[in-house]
There are 2 protein chains.
Amino acid sequence: MTLAEENYLKAIYHLENQSSNEVSTNALAEEMQTKASSVTDMIKKLAEKNMVSYIPYQGVTLSKKGHAHAVKVVRKHRLWEVFLLEKLNFSWDEVHDVAEQLEHIKSEKLTDKLDEFLDFPKVDPHGDPIPDKYGNFETIDKTSLTDAQEGLVYVCVGVHDSSSDFLKYLDANHIGLGTTMKIIHKEPFDNSVKIKFDDVELVVSENVAKNLFLKTV
Amino acid sequence: MTLAEENYLKAIYHLENQSSNEVSTNALAEEMQTKASSVTDMIKKLAEKNMVSYIPYQGVTLSKKGHAHAVKVVRKHRLWEVFLLEKLNFSWDEVHDVAEQLEHIKSEKLTDKLDEFLDFPKVDPHGDPIPDKYGNFETIDKTSLTDAQEGLVYVCVGVHDSSSDFLKYLDANHIGLGTTMKIIHKEPFDNSVKIKFDDVELVVSENVAKNLFLKTV
DNA sequence: TTAAATATTTAGACAAAACTAAATAATCTT
DNA sequence: AAGATTATTTAGTTTTGTCTAAATATTTAA
């Protein structure tokens, strides 16, 4: 698997997790920041290699083989994120980009030794589960802040968007994994949400709310 | 700089260090395991980018810019080797191949944080010096075992060939960095050398002797 | 249910990095 | 110094992954 092929597999994997039906060429082009025609080309190649199953005009799905490979890349990505944060003192908004490179290093031994060195972490710095060497991981049950109920108390267990900008926003507002918050008010007009934590009230936009994952406490 | 370009720079760097005069197209082709015509193509490209200076039929030399870049790649390679050996418990014959991949990760912050995490090591597991973040490193004065003098005592400070096969040979014969040995006899017929260490005598071939670096003790 | 809009695929090109085969330059022999 | 050998470069292809533009299929809307 080349770097480009792995990135496509990963993108298909993420899109499958978001909406559970077939992945369209256009969605994939959007995700990969490329053109639909390029996507068609690559999908054909991946289909040749039995990594995806593809019916023209109907989108792609990962094959068993492709799924397994995507999970391996995701495992590496998340392990490196933990390494960068815990061992090299990167901040959580810095880990993603470097992990995008490190996830393509090919050495099963490296991956497994790294896993051991980090003491077999279960989640990465954004709250996403880390597959073990067999590809198994615990699914974390989480609710988006947009779906949280007024009056209840939640703890933050993850983020959807792991872009540097979003994570810096959270840092600036002292929100992180483990932050416990109460839903004060959900504003129907613009879907913003007023939350309270550490004795401070904060109104966050719908965009922020959509990207924050919570668990009831 | 692409991966291929970086590998060429590194190869030119190594060849310059070995013989101090211009690097020939053929030597580079041999080092890169490729064809002379491919080398000419790439050299032209690197000359365009001012990474090397190139006169047709006369070989290449690294420019200041190319040299600095090569040193950065070497720095990353050697730091990762230390990481793999010391933190992930790889053996010294396993570190090279994985480091060949890791050396291309682009993040100055990663490199410098890794350096710090490893406590600023001065040499890698094969005895080669590690450049600091400014590209400076201590040159280690060393003699090849072929040039060592009968009767004198030396300590092993490095290896020339860092191939897995050679390092495994050394492991099997209990030779490593720091091994102190006495030169018992140099056989003129085949340039083999009889050495003694840990109260055992061992005859090594010219090929082995050439690749072992020693320092007088 | 046909026209318009949108999504997808095909065809043809391009850049990077390699290759083979042929041409040319440099060096070595005698 | 001419011919032979060796080293190097040039010319023309190939593969990978991308692109644009054109063609085709699908969906939406009147």
Side-chain angles (χ1 to χ4, degrees), chain A residues 1-16 18-62 66 69-70 73 100-101 103-106, chain B residues 1-13 15-16 18-62 66 69-70 73 100-101 103-104 106:
Chain A
M1 289 284 100
T2 68
L3 199 141
E5 288 168 346
E6 284 193 343
N7 283 334
Y8 272 94
L9 288 183
K10 199 176 42 142
I12 298 166
Y13 177 82
H14 288 317
L15 292 173
E16 281 188 348
Q18 275 177 233
S19 65
S20 79
N21 36 4
E22 252 106 44
V23 173
S24 75
T25 302
N26 251 17
L28 203 38
E30 165 70 22
E31 176 83 10
M32 296 291 297
Q33 298 279 62
T34 187
K35 298 297 153 71
S37 54
S38 307
V39 171
T40 305
D41 290 343
M42 180 55 93
I43 281 172
K44 281 182 182 167
K45 204 176 136 197
L46 289 172
E48 288 274 309
K49 296 191 177 188
N50 294 310
M51 303 301 284
V52 301
S53 78
Y54 163 59
I55 305 167
Y57 295 99
Q58 285 188 210
V60 267
T61 51
L62 289 174
H69 197 96
V73 176
E100 287 282 307
Q101 295 181 64
E103 72 190 3
H104 300 291
I105 303 291
K106 286 166 189 17
Chain B
M1 289 284 100
T2 68
L3 200 142
E5 288 168 344
E6 284 193 342
N7 282 333
Y8 271 93
L9 288 184
K10 200 177 42 140
I12 299 167
Y13 177 81
L15 291 173
E16 282 188 346
Q18 275 177 234
S19 65
S20 80
N21 37 3
E22 251 107 42
V23 173
S24 75
T25 303
N26 251 16
L28 203 39
E30 165 70 24
E31 177 84 10
M32 295 291 298
Q33 297 281 59
T34 186
K35 296 298 154 66
S37 54
S38 307
V39 171
T40 305
D41 288 344
M42 181 54 94
I43 280 172
K44 280 181 182 167
K45 205 176 134 197
L46 290 172
E48 288 274 309
K49 296 191 175 187
N50 295 311
M51 303 302 281
V52 301
S53 77
Y54 163 60
I55 305 168
Y57 295 99
Q58 286 188 206
V60 267
T61 50
L62 290 173
H69 197 96
V73 176
E100 287 282 305
Q101 296 180 65
E103 72 188 3
H104 299 291
K106 286 169 189 15

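Protein chains get the first letters and strands the later ones, always in sequence-line order, with residue 1 at the start of each.
At the heavy-atom level, A:Asn26 lies under 4.0 Å from the strands shown only through sugar-phosphate atoms. Using a 4.0 Å heavy-atom criterion, one finds that B:Ser38 contacts the bases of the nucleic acid, with or without backbone contacts as well.
Each of A:Thr2 and B:Gln58 was assigned the nucleotide of DNA chain D with the nearest heavy atom; the assignment lying further toward the 5' end belongs to B:Gln58.
Across the protein-nucleic acid pair, A:Met42 atom CE and C:dT10 atom C1' stand 18 Å apart, rounded to whole Å. Taking atom CE of residue A:Met1 and atom C1' of nucleotide D:dT16, one finds them 13 Å apart after rounding to whole Å. A straight line from CD of A:Glu48 to P of D:dT16 spans 11 Å, rounded to a whole angstrom. Spacing between atom NZ of B:Lys49 and atom P of C:dA16 amounts to 8 Å, rounded to whole angstrom units. With rounding to whole Å, A:Leu28 atom CG is found 11 Å from C:dT9 atom P. As a whole-Å value, the separation of B:Glu22 CD from D:dT8 C1' is 15 Å. We find that CD of A:Glu5 is positioned 14 Å from C1' of D:dT18, with the value rounded to whole Å. For B:Ile43 and D:dA7, the CD1 to C1' distance is 13 Å, given to the nearest whole Å.
The base of C:dT20 sits with one of its N or O atoms less than 3.5 Å from a complementary donor or acceptor on the side chain of B:Ser37.
Note on B:Thr34: a side-chain N or O is less than 4.0 Å away from OP1 or OP2 of C:dC19. In this structure, B:Lys35 does not reach the C:dA18 phosphate: none of its side-chain N or O atoms is under 4.0 Å from OP1 or OP2. Here B:Thr25 reaches the OP1 or OP2 of D:dT9: one of its side-chain N or O atoms lies under 4.0 Å away. An OP1 or OP2 oxygen of D:dT6 is reached within less than 4.0 angstrom by no side-chain nitrogen or oxygen of B:Tyr57. Under 4.0 angstrom from either OP1 or OP2 of D:dT16 there lies no side-chain N or O belonging to A:Tyr8.
With C:dT8, D:dT18, C:dA18 as the candidates, the nucleotide lying closest to the side chain of A:Asp41 is D:dT18.
Residue pairs meeting the side-chain hydrogen bond (donor to acceptor under 3.5 Å, both in side chains) criterion with at least one partner in residues 46-59 of chain B, sequence neighbours excluded, are B:Glu5-B:Lys49, B:Ser53-B:Thr61.
In this structure, a donor-acceptor pair under 3.5 Å is present between the side chains of A:His69 and A:Glu6. For the residue pair A:Ser24 and A:Asn26, no side-chain donor N or O sits within less than 3.5 Å of a side-chain acceptor on the partner.
Side-chain contact between B:Val39 and B:Lys35 is absent, with no heavy atoms from C-beta onward closer than 4.5 Å.
A salt bridge between A:Glu31 and A:Lys10 is absent, with no side-chain N of the basic residue lying under 4.0 Å from a carboxylate O of the acidic one.
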